[in-house]
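Heavy atoms only: backbone and side chains are in, while hydrogens, waters and symmetry mates are out. Chain identifiers are assigned alphabetically (A, B, ...) following the order of the sequence lines, protein sequences preceding nucleic acid strands; residue numbering begins at 1 within each chain.
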Amino acid sequence: MSSYKDSLNLPKTAFPMKAGLPQREPQMLKTWLNDDLYGKQRAKAKGRPIFTLHDGPPYANGDIHLGHAVNKVLKDIIIKSKNLSGFDAPYIPGWDCHGLPIELQVEKKIGKAGVKVDAKKFRAACREYAQKQVNKQREDFKRLGILGDWDNPYLTMNFQFEADEIRALGKIIQKGHMHKGFKPVHWCSDCGSALAEAEVEYKDKHSPAIDVRFAVLDDAAFINACHHVENSPGKGPISVVIWTTTPWTLPANEAVALNPELDYCLVECVGEHGTERLLLAEALHKDALGRWGFEEHRVVAYCKGAALENLKLQHPFYDKQVPIILGDHVTTDAGTGAVHTAPAHGQEDYVAGSRYHLPIDNPVGPNGVFIEGTELFAGQHVFKANDSVIETLKLKGNLVHAQALDHSYPHCWRHKTPIIFRATPQWFISMEQAGLRDQANQAIEDVDWIPDWGKARISAMMANRPDWCISRQRTWGVPIALFVHKDTSELHPNTSDLIEQVAQRVEKQGIDAWFDLDAVELLGADAENYVKVSDTLDVWFDSGVSHFAVIDEREELAFPADLYLEGSDQHRGWFQSSLLTSVAIKGRAPYKAALTHGFTVDAKGHKMSKSIGNSILPQEINNSLGADVLRLFIAATDYRNEMTCTDEIFKRTGDAYRRIRNTARFLLANLHGFDPAENSLPASELLALDQWAIARCDQLQTEIRDAYDCYEFHLIYQKVHNFCSVDLGGFYLDVLKDRQYTTQENSQARRSAQTAMYHMMEAFCRWIAPILSFTADEMWRFIPGQRSESVFLETWYELPQVQQDSNFNLSFWQEILQTRIAVSKELEQLRVAGDIGSSLDAEVNIYCGSEIFQRLSQLEDELRFVLITSDARIHKVETPPGQAKHVVLQNGDEIWIQAAASEHKKCVRCWHHQEDVGANGEHPELCGRCIENVAGDGEKRRYA
RNA sequence: CGUCCUGUAGUUUAAUAGGUAAAACGCCAAGCUUAUACCUUGGAUGAGCGCCCGAUUAGCGCAUGAUCCUCGUUCGAUUCGAGGCAGGACGACCA
C-alpha cells in the first residue's frame, strides 16, 4: 500500500511554512544591501520614464515611531509598484537636520551657545548629533524593508544643500518676494534674546489690572454713530474704556480695537470726576460698572462696534491720537470689550495693526528697559514701569479703576521670569508684494490632491496665512546670508552676486563659512558701511526648498515631482512651505500630486503618544511578527483615515499573512519537478480548468494594477487574500490535488496544471512584492526556471493569453462553482449522519432540465473531479425523483441533487470509490484509472 | 473658539444616479491526514429588553433584522441636507 504512495506526485518544497520573519528578514536585508539591489534596480530601469516620489524629510531626532513607519512604507509600496509598472522610480530618502529641537538636545550636553561654548563649536556638536540621529533612524527604516539610496540620502545640513538653500533665498529676493519688517516675538529680558515657542512656559503671575479712559475727540460724530439714543444722550465727556494687565505696554499704544459685531453701550456715570459718559461692551457693562463702583449710572445710547471704526481717541498720557479699529479677536470674556492695541507688544495687536497700517514702534530695549527718549518712562524696566504708568494715569485723570489679578503668563523656562512681547526686525516672504498668494492659489489648482478634500484644506490655509516670517535668532540653522547697510538697512546693491559667492563658500565649508566670513573679503572697503545679517532661516524654509536643492540637483529625479506623500499635518507644513518657495522661484507647484495619510490611533481612536503610553513601536512588531506583517497591516488599512492599531488587529494581520504565505508555498510545492522551459504547455493545450485559472489571474491582475495606480492598497490586500481563500484554497487547488498527485509525472494532465500554477506564481509574487517585500523576494528564489536575482528587478508578469472559449467561459465556471456549493451542502448532511467522511466517499446524481444538462455535461465524466466525489452523473429529466434535493442556483437555474455514500470499494491510491477496484489481479487495491497511471500509458484529462 | 476630515457585524474592508447592506478573518462544530504548526466543509451569533435558574449550559417570550444619534427631503436614505455626539488634523486665543 505504501508503495503506491511513492507513485504519487506529492508536493515538495524547501520554502518553509513557518516564516520566522524576525530572524529571516534581517538576513534577506543583508543580501539586498551587500548585493546593492537598489543600484541594480536603478541600472535596470535606466531609460524608462522617470517617476519621482520626493521624500519629505523626517526630523533627525528621536527613534522612529509607527507614524514614520506608515509614511515610509506607503512610499516604498508606491516606489516598488511604479518600478513594476515600468517606470524608473528612484527613492532618495531625506532628513531635516537644523533647528531648535537639536539645539536643545545639544544644549543639555554641552551648554548654551554663546554662554558655555562658542557658536562654532556648538554648531559642530549639532552637526554631529544630527548625523548620529540620521544613522540610527536610517537603520530602523532599512529594517522595514524600504529600498532606496540609503548611502546617499539628502540631508538639509549637507554643504551642498545649505549652499543651494542660500541660492534659493537669493532667487526669492530676486523675484521681489522678500521684505523686512517687524514682528513681536517672545523676549526674555534676562537672556536678552528671543525665545522660541518651545522655550516658553506658562505660570501664574501677579499683575495689575487697570481700566483706562481713552477720551473721544469728536463727541458729536460719536453720538451720530449710535443707532439708538435714549431720551437724552446724556452729559459729560465721552471716553472709551479699555482693560489691560500690562500697563507698561500703554506707551506703545496705537489703537483701541472693538469687535465689529458686538453691541456697545454708552453709560452716563456720576462719580469723583463728575458726570461723564463711558463706552463699553453691553455684555460686560454690568460687571465693569460693578467693579468701578460709580454712585449713579444709566445707559444713554447703543451702537455696534463697526459703527465707530476710525474715530479718533486721545492717548491717555501722550500727546497723540489713536484710531478705533475693528477685530474679531475682541471678545467678551473679560475686560470691557475694548482692547488696547500695541502692535509692538502682542501677536494679535501686531496682526490687527498691520491691517490698519499702524506704526510698530517699540520703545523697549533688549534688556527690557524703556529706551532713551521714551517720554516719561525712559530708563525704567517694563515691569517696574507698571506703577509709574498707573501713577501717570491717575495724574492725568484717566485711570478708571485698578486692582490686582493672578493669571497665566508666559515665563522664560530658563530664568523662570516673566517674558514680554517685543517687536524686533525680521525678514518676511510677502504673500502680496509680488503676488505670491494669487500665484500659489493658482498653483493649487494644478495639483491633484488625494484625497480631494486636501485641496479645500490647503486653499483655506493659503487664503488666511500671514506673511511668512523666515528669520530666526538661532545658532543651528542656515544663515540669511545678506549684507544690509548699517544706517538704512537697505540690501547691498550687489546682493545677487554676493549670495552666489557666499553659496560657493558654503558649498565647501558649510554654514560656518558665513559666520566666519569677514565682510571685507567680499565687499572690500565698502564693508564698513554694511553689516552681516546674523539671523538664520526658519527650518520650514530648509525642507521647503528641497525641490530646488534636491530634485533639481539629483539627476535621477525630475521636476516637478510626480508625488509628495505625507501625513495630513503637512498641509500646513511641508506641502505649504514647498509650494510657496516653488511658486516664488519657479512659478508652479513642485509636485503634480499630493497624497496624505492619517495618523495611528489606539483602540479607542485616541492618538498614539508617548505620554499616554498607548503607543506601539515598529521595532516591537518587527521583532515579534515581522516587518512584512507590519507592511501588510499598513497596506490593508485605508490610510486616508486614522489607522487603528491594536494587538488584535496585528494578530489578524499575522493570520492573513500566514494564509497568503501558505498558499504560495503550496503552489511552489506543486511546481516540484517542473521546468518551465521544458515542461510548460502552450495556452491552447491547457485543460479547460487551467485556462480558467489563468483567465482569472489575468482579471485579478488588472484589478490589482488599477488599485496600485490609484494608491488603494487595502483593496489589493482584500483581493489577494480572497483569491487565496476562495478561488485557490476553496476551489482550484482543492480540485487540482487529484490530478497533480495521481496522474503521471510528465502527463499533459499534470503539466497543464503546473503550467497554470507556474504562471500564477510568477504573477502572484509580483502582486505582493511591493507590500510583502521580504516574503516575495524569498519566494522568488523558489519559483522554478531561469530568473533574475530579485523580483524587484522585474516588471509585471505577462500572463499567457487564453481564448475565452464560449463553452468554457467565466459564467460557465460560475455555474459549476454554484453547483459545487450546493453539492457540498448535501455532502455535509451525509457527513453529519455519519454516512461519509471525505467527500470522495460519496457519489452524486444531478437532475436538471435539458438546457442546464447541455452545459453541465460538457465536462463529461470529469465533473466528479470538480466536485471531488467518486462519481457524478447528470440526468436530463422532466420530473426529478422525489428524494432529490431541489436547489435554485444564483443565476436562477434549478437543479435537483441526490447524494449518497458510494457502495464501491475505495482505491487505496486515489481514494476514489470505483466499481473496477480489484478487477485487476496484479493490483487488487487499485481502480482502473490508477492502474493506467501506474502501469499503463497514463490517463488523459481534457477539462479538469 | 475656528477650518477640515472620519464614524458599516468582534476585526479589516466592500457596495448602491437614492433601490435586498456583502466578503474575508475571527468564533463553534465536523471532516481529512495526499498543503498537516496546514487544508476543506458546515453552522451560529452578529443590537436590545424581559422570563426561567442556586449557578452554568441550555431554553422561552417580546420587540427587532449590523451603516454613531436625531431630525428633514423622498414611495424608499448607509448614500443627499441640517443639527448633535465621539475621535482625529491644523490653527487661533489667554489683552
* Euclidean distance for P, B:G26 against B:G42 (whole angstrom) -> 16 Å
* Closest nucleotide among B:A37, B:U34, B:U33 to the A:Lys18 side chain -> B:A37
* Rounded distance in Å between the C1' positions of B:A47 and B:C62 -> 15 Å
* Tell me: CG of A:Leu10 to P of B:U36, nearest whole Å? -> 10 Å
* What distance, rounded to whole Å, do you find between the two C1' atoms, one in B:C85 and one in B:U11? -> 24 Å
* Structure fact -> Any strand, both distances under 3.5 Å, Watson-Crick or G-U wobble: B:U8 pairs with none
* **By ring pair (Phe, Tyr, Trp, His ring centres under 6.0 Å) - contacts of A:Phe421 (at least two apart)** => A:His186
* Structure fact -> pair_partner(B:C27), Watson-Crick or wobble, both distances < 3.5 Å, evaluates to B:G43
* Contact class for A:Leu715 vs. all strands (heavy atom < 4.0 Å): base, sugar-phosphate, or nothing? -> sugar-phosphate
* To do: With P as the reference atom in both, quote the distance from B:G31 to B:U8 in angstrom, rounded to an integer.
  => 39 Å
Please enumerate all protein N or O atoms sitting under 3.5 Å from an N or O of nucleotides 40-42 of chain B, with distances to 0.1 Å.
from: B:U40; atom 1: OP1; to: A:Arg659; atom 2: NH2; distance (Å): 2.8
from: B:U40; atom 1: OP2; to: A:Arg659; atom 2: NH1; distance (Å): 3.2
from: B:U41; atom 1: O2'; to: A:Glu828; atom 2: OE1; distance (Å): 2.9

* **Set of ring pair (Phe, Tyr, Trp, His ring centres under 6.0 Å) partners for A:His345, sequence neighbours left out** => A:Trp248
* Just how far, in rounded Å, is P of B:G88 from CD of A:Gln570? -> 19 Å
* Structure fact -> With B for base contact, S for sugar-phosphate-only contact and - for none (protein heavy atoms under 4.0 Å), nucleotides 4-12 of chain B reads BSS---BSB
* Side-chain donor-acceptor contact under 3.5 Å, A:His597 with A:Ser568 -> no
* Does A:Lys455 pair with A:Asp452 as a salt bridge, N-O distance under 4.0 Å? -> no
* Give the nucleotide from the list B:A24, B:A89, B:G26 with an atom nearest to the side chain of A:Phe599. => B:A89
* **B:A63 versus B:G10 - spacing of their C1' atoms, nearest Å** => 24 Å
* To do: In plain terms, say whether A:Glu712 and A:Lys719 are close enough for a salt bridge, that is, a side-chain N and a carboxylate O under 4.0 Å apart.
  => no
* Separation of the C1' atoms in B:U12 and B:G46, to the nearest angstrom -> 16 Å
* To do: Please work out which of the three classes, parallel, tilted or perpendicular, describes the rings of A:Phe575 and A:His571, given edges at 30° and 60°.
  => tilted
* Asked: What is the distance from CZ of A:Arg665 to P of B:U34, rounded to the nearest Å?
  -> 14 Å
* Could you tell me the separation between the CG atom of A:Leu21 and the C1' atom of B:A37, rounded to a whole number of Å? => 15 Å
* Asked: What nucleic acid atoms does A:Asn722 come within less than 4.0 Å of, heavy atoms only: base, sugar-phosphate, or nothing?
  -> sugar-phosphate
* Lys/Arg N to Asp/Glu carboxylate O, A:Asp738 vs A:Arg929, below 4.0 Å -> yes
* Applying a 3.5 Å limit to both distances, which nucleotide forms a Watson-Crick or G-U wobble pair with B:C51? -> B:G59
* Can we say A:Lys825 and A:Glu828 salt-bridge, meaning some charged N sits less than 4.0 Å from an Asp/Glu carboxylate O? -> no
* Asked: Parallel, tilted or perpendicular: which fits the ring planes of A:Trp574 and A:Tyr564, with parallel below 30° and perpendicular above 60°?
  -> parallel
* Map A:Gly837 and A:Tyr639 onto RNA chain B by nearest heavy atom, then report which one ends up closer to the 5' terminus. => A:Tyr639
* **Integer-rounded Å distance: B:A23 C1' and A:Ile716 CD1** => 17 Å
* Report the relative orientation of the aromatic rings in A:His315 and A:Phe214; use parallel for angles under 30°, tilted for 30 to 60°, perpendicular for over 60°. => perpendicular
* Asked: Mind checking who B:U67 pairs with, Watson-Crick or G-U wobble, both distances under 3.5 Å?
  -> none
* Select from A:Phe666 and A:Asp841 the residue whose nearest nucleotide in RNA chain B is closer to the 5' end of that strand. => A:Asp841
* So what does A:His721 hit on the nucleic acid, given a heavy-atom distance under 4.0 Å: a base, only sugar-phosphate, or nothing? -> sugar-phosphate
* To do: Apply ring pair (Phe, Tyr, Trp, His ring centres under 6.0 Å) to A:Phe633 and list each qualifying residue two or more places apart in sequence or on a separate chain.
  => A:Phe650
* Between A:Arg465 (CZ) and B:G2 (C1'), how many Å, whole number? -> 18 Å
* **Watson-Crick or G-U wobble partner of B:A35, both distances under 3.5 Å** => none
* **Any-strand Watson-Crick or G-U partner of B:G91, both distances under 3.5 Å** => B:C1
* Structure fact -> Rounded to whole Å, CG of A:Asn670 lies from C1' of B:C39 at a distance of 13 Å
* Write down the distance separating the P atoms in B:U74 and B:A58, rounded off to the nearest Å. => 48 Å
* Structure fact -> In whole angstroms, the gap separating C1' of B:C32 from CG of A:Leu830 amounts to 16 Å
* Separation between the C1' atoms of B:C49 and B:U64, rounded to whole Å -> 11 Å
* **Those residues that, when tested against A:His913, pass ring pair (Phe, Tyr, Trp, His ring centres under 6.0 Å) (two or more places apart)** => none
